Amino acid sequence: MPLLADVAVPVPLSQAFTYEVPAALAGEVRPGARVLCEFHRRKLLGVVLAVSERSAAIDPSKIKPLAALVDARPALPAELLAFLQELAAYYFAPIGEVLRLALPAIEREQVRALKAQGELDGVLDLGRAKQVGGRKVAYASATDVVEEPGTLRGQAAAVLALLRANGEQPVARIEERFGNARSALKKLAERNLVALDEREPPRDPFFRRAEERDVPPELNAAQAEAAARIDAALAALAPSGGGEHPAIAQQEPRPAGQEPRPSAFLLFGVTGSGKTEVYLRAIKSCLDRGRGALVMVPEIALTPQLVARFRARFGDELAVLHSGLSDADRHAMWASLHGGKVRVAIGARSALFAPVPDLGLILVDEEHDGSFKQEEGVRYHARDMALLRAHRAGAVCVLGSATPSIESVALVRRGKLAELRLPDRAHREASLPEVSLVDLRRFRAGPSGDPLISLPLHRALEKTLAAKEQAILFLNRRGFAPSVVCGSCGTLTTCDACSVALTYHRGRRRDARPPSPGGAPAPAAPLDERPEGGRLRCHYCDYAGPLPDRCGACGARNLLLEGLGTERLEATIAGSFPEARVARLDRDVAGKDRSQAILAKMREGKIDILVGTQMVTKGHDLPNVTLVGVVNADAALGLPDFRAAERGFQLLVQVAGRAGRRDRPGRVLIQTRNPEHPAIAFAAAHDVPGFLEREIRDREEVGYPPATRLALLRIDAVDESVGRGAAAKLAAHARTCPEGASRRVEVLGPSAAPIARLRGRYRFRVLLRARDRGPLRGALAALAGLIRDGLDRNARVIIDVDPVAML
Ligand code: ADP
Ligand code: ZN
């Protein structure tokens with residue numbers, strides 16, 4: 001019987017393809033390895049899923065041999081490969097595209113080897129695969145050898161002193177300081193005082209500064225209890241595949257009849273309760289047991305502080321994965337994990353696919369955060385998949401949050417997650433801030449004149465400034481004015497390509513507030529309503545254009561800028577508080593380094609009032625912030641999405657959690673026209689369990705997750721009738737397939753999406769809802785078949801399992 005390999009190729013098809021393993025490669029081709037194979041007369045890079053000796057299910061003469069092996073050591077370890085296949089099946093996603101999420105770049109050496117075999121002639125797709133490697137950087141470090149006193153002079157002595165004081169350095173950096181660094185290093189190396197070696201170093205911004213090691217604080221009782229329970233779960237793990245660490249061999253078998261220990265947890269701790277310290281202890285006990293750990297955070301560019309704390313505890317034995325990495329750095333991180341040199345990885349959503357060796361622990365920080373859901377390509381949810389990967393790998397999983405997602409709370413209730421609680425702030429003097437509601441229907445505008453800066457908010461800002469403390473103002477709208485309306489006919493200016501209002505952005509204007517020499521307060525800039533040079537932008541597509549001078553509908557020269565965005569808020573606040581240093585943090589000002597710089601300035605006390613969007617709500621630990629103002633709490637609550645209340649509540653609690661994190665008490669003002677809304681009332685009372693309780697009951701009543709399971713079919717097309725037709729066909733098919741006909745799956749729609757047009761495409765949807773996952777999967781399988789071969793080619797259909805974005 002021939003030796004056959006199932007190979008996944010990067011095409012949008014769900015199945016794998018069969019190839020013959022040539023005799024020369026038998027024993028070398030293993031699952032998880034990349035291979036070159038012929039596919040429709042092209043040579044493609046594929047991944048071996050399985051190898052077995054068997055008779056082919058198809059005509060043997062049609063089976064081609066594999067062309068070449070790319071990875072001598074499989075790029076995807078068995079654990080990761082199995083997980084990826086399961087992920088692909090769960091989301092009805094093409095296996096080739098799923099594998100691509102986890103595959104590293106190709107090393108130049110691999111390319112060279114293939115070229116030498118003549119295998120790369122005529123290969124199309126390898127050219128597009130990223131290539132890395134071949135670039136090495138020289139490092140110098142001081143050895144333990146001690147020189148004869150008085151034998152070193154000049155730069156040699158100085159270089160050695162530098163290396164001893166600051167630790168190893170890239171040679172290039174030493175050369176920047178010492179003109180004769182090369183010859184000095186050569187001399188030092190000859191005397192064994194300095195060791196030189198070549199590496200591919202991470203040159204990532206997170207590693208630019210050396211981080212001083214910290215001293216772990218003593219845990220409080222709640223932290224100690226949480227850490228102990230996670231530790232017990234880690235102790236109970238079965239030895240991993242490669243687990244040769246002695247700690248694993250000493251495990252006691254579980255006494256018969258005892259409950260299996262929980263291995264997945266929800267760490268529910270109020271903001272500032274010290275969850276991070278529990279994570280650090282959990283990682284330590286995981287590493288002590290010889291296993292690797294994976295930490296997932298929502299947006300790593302916003303959490304340099306968190307990374308710094310990890311580095312302070314674990315040094316540089318940490319792979320930090322984020323979107324700002326160069327290909328070479330990303331690959332260096334990947335290779336150090338894959339090779340087992342580094343055992344801890346930290347990163348955003350995509351870190352889910354890191355090849356952490358002997359995975360023993362996955363931590364998901366701020367597990368409620370929406371950014372864990374990938375909204376394009378393979379639409380996976382990294383939190384759900386973290387639970388799956390940990391479970392399959394025999395690892396412990398810890399989800400942490402101050403505002404747990406309704407889904408995770410439901411898992412606690414069903415006994416799938418064990419709950420760990422941190423009820424108090426960790427700093428002895430810190431307490432949760434006092435929250436007051438400002439009913440915007442009753443309070444009028446303060447001195448600034450803007451109705452959204454009420455008198456109580458104005459007064460609170462004054463008090464904060466007088467006390468030399470800091471304030472955060474949260475507003476969920478970017479830009480200057482969220483809408484442009486005709487004052488004559490009332491027409492709203494919308495995007496040509498999308499059915500949404502355009503936002504007016506004034507942009508950075510250097511003349512707005514001239515820098516004042518000598519620190520004297522700058523004069524307040526006049527707030528002109530119709531400034532020159534601003535742009536209208538669509539927040540959904542890339543459109544940006546000038547502000548027209550007349551209404552597109554009636555022609556009147558009477559366009560008005562309506563509403564308040566962060567840009568305008570910043571300008572208004574700066575105008576009303578001329579002595580304050582005001583800054584803004586949102587996607588418009590914050591490139592990757594900018595947001596870190598703004599947060600650093602905030603921490604150093606160089607900003608008095610920080611204005612911003614969600615970006616200010618993330619887990620920053622800013623000790624001197626004593627006032628948080630939520631400018632308009634209602635903005636997020638009215639969206640046509642069953643999670644609107646949950647999301648609004650989370651935002652409010654998280655942003656409130658930025659206040660009063662140390663000894664000075666914090667204050668939160670929430671401005672709303674809707675103070676009785678449960679999301680606002682429960683947030684004001686710091687009553688997270690109360691909100692969760694009520695929200696779970698509401699979802700049960702209206703039949704939304706977690707009471708049910710959803711899958712959303714997203715249909716779009718340039719031509720409205722094509723999209724509508726495809727949606728109708730899908731809905732009809734869903735209703736007649738066995739699961740639909742028996743009503744085990746309820747079919748809602750077809751209907752136009754809440755945002756009916758986006759980037760020039762008309763959008764429709766069909767929502768499938770079921771009590772159980774089985775029937776839902778059955779219906780989706782039936783629809784996947786129809787999508788593959790029976791629909792209008794001009795309609796695009798996406799299956800979104802467990803959808804998050806409902807717009
Ligand atoms: P969370 O992640 O729950 O919001 P953090 O981990 O940021 O909270 O902790 C809040 C603050 O409390 C941090 O400054 C942290 O250093 C401090 N902290 C945490 N645990 C302890 C402890 N056991 N003793 C003293 N301070 C602690
Ligand atoms: Zn648009």
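Predicted model, so just to flag it, every value in this text is computed and none were measured. As the structure lists them, so they are numbered: ligands from 1, and atoms in each ligand from 1.
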Which of the atoms of ligand 1 are close to [X], meaning less than 4.0 Å from one of its heavy atoms?
{"X": "N220", "value": "23 (N)"}
{"X": "L219", "value": "23 (N)"}
{"X": "A426", "value": "12 (O), 18 (N), 19 (C), 20 (N), 21 (C), 27 (C)"}
{"X": "S273", "value": "1 (P), 3 (O), 8 (O)"}
{"X": "G274", "value": "1 (P), 3 (O), 5 (P), 6 (O), 8 (O), 9 (O), 19 (C)"}

Within residues 600-612 or reaching into it, pairs that qualify as side-chain hydrogen bond (donor to acceptor under 3.5 Å, both in side chains) - sequence neighbours excluded | R581-D608, E604-K606
List in chain and number order the residues that pass ring-ring contact (aromatic ring centres under 6.0 Å, His included) with F649, two or more places apart in sequence or in another chain; answer none if no residue qualifies.
-> F691
Taking the six-membered ring of F372, is NZ or CZ of R383 closer than 6.0 Å to its centre and within 45° of its axis?
-> no
Review item, side-chain donor-acceptor pairs of residues 470-484, under 3.5 Å, at least two apart:
| from | atom 1 | to | atom 2 | distance (Å) |
| --- | --- | --- | --- | --- |
| Q470 | NE2 | M602 | O | 2.7 |
| Q470 | NE2 | I607 | O | 2.9 |
| R478 | NH1 | D588 | OD1 | 2.8 |

With no hydrogens and no angle check, is any side-chain donor or acceptor of Q223 less than 3.5 Å from a backbone partner on N220?
-> yes
Does any N/O atom on T276 come nearer than 3.5 Å to any N/O atom on ligand 1?
-> yes
Geometric N/O contact P217 with ligand 1, under 3.5 angstrom | no
If you compare Q223, R309, E218, Q654 by their heavy atoms, the one closest to atom 5 (P) of ligand 1 turns out to be R309
Assess G272 for proximity to ligand 1: is some non-hydrogen atom of it under 4.0 Å away?
-> yes
Heavy-atom contact under 4.0 Å between R425 and ligand 1?
-> no
Is it the case that [X] and [Y] place a side-chain donor and acceptor less than 3.5 Å from each other?
{"X": "T626", "Y": "E469", "value": "yes"}
{"X": "Y762", "Y": "D716", "value": "no"}
{"X": "E646", "Y": "S405", "value": "no"}

What are the protein N, O or S atoms, given as residue plus atom name, that sit under 2.8 Å from the Zn ion (ligand 2)?
-> C495 SG, C498 SG, C538 SG, C541 SG
Matching residue for V616 among I598, V611, L610 - test: side-chain contact (heavy atoms from CB on, under 4.5 Å) = L610
In terms of heavy-atom contacts, does OH of Y543 have more than 12 from other residues, nucleotides or ligands at under 6.0 Å?
-> yes
Audit row: D231, R229, salt bridge (charged side-chain N to carboxylate O under 4.0 Å, His left out) steps and yes/no | CA-CA 5 Å; D231 184 60; R229 291 195 50 200; over 6 Å; no
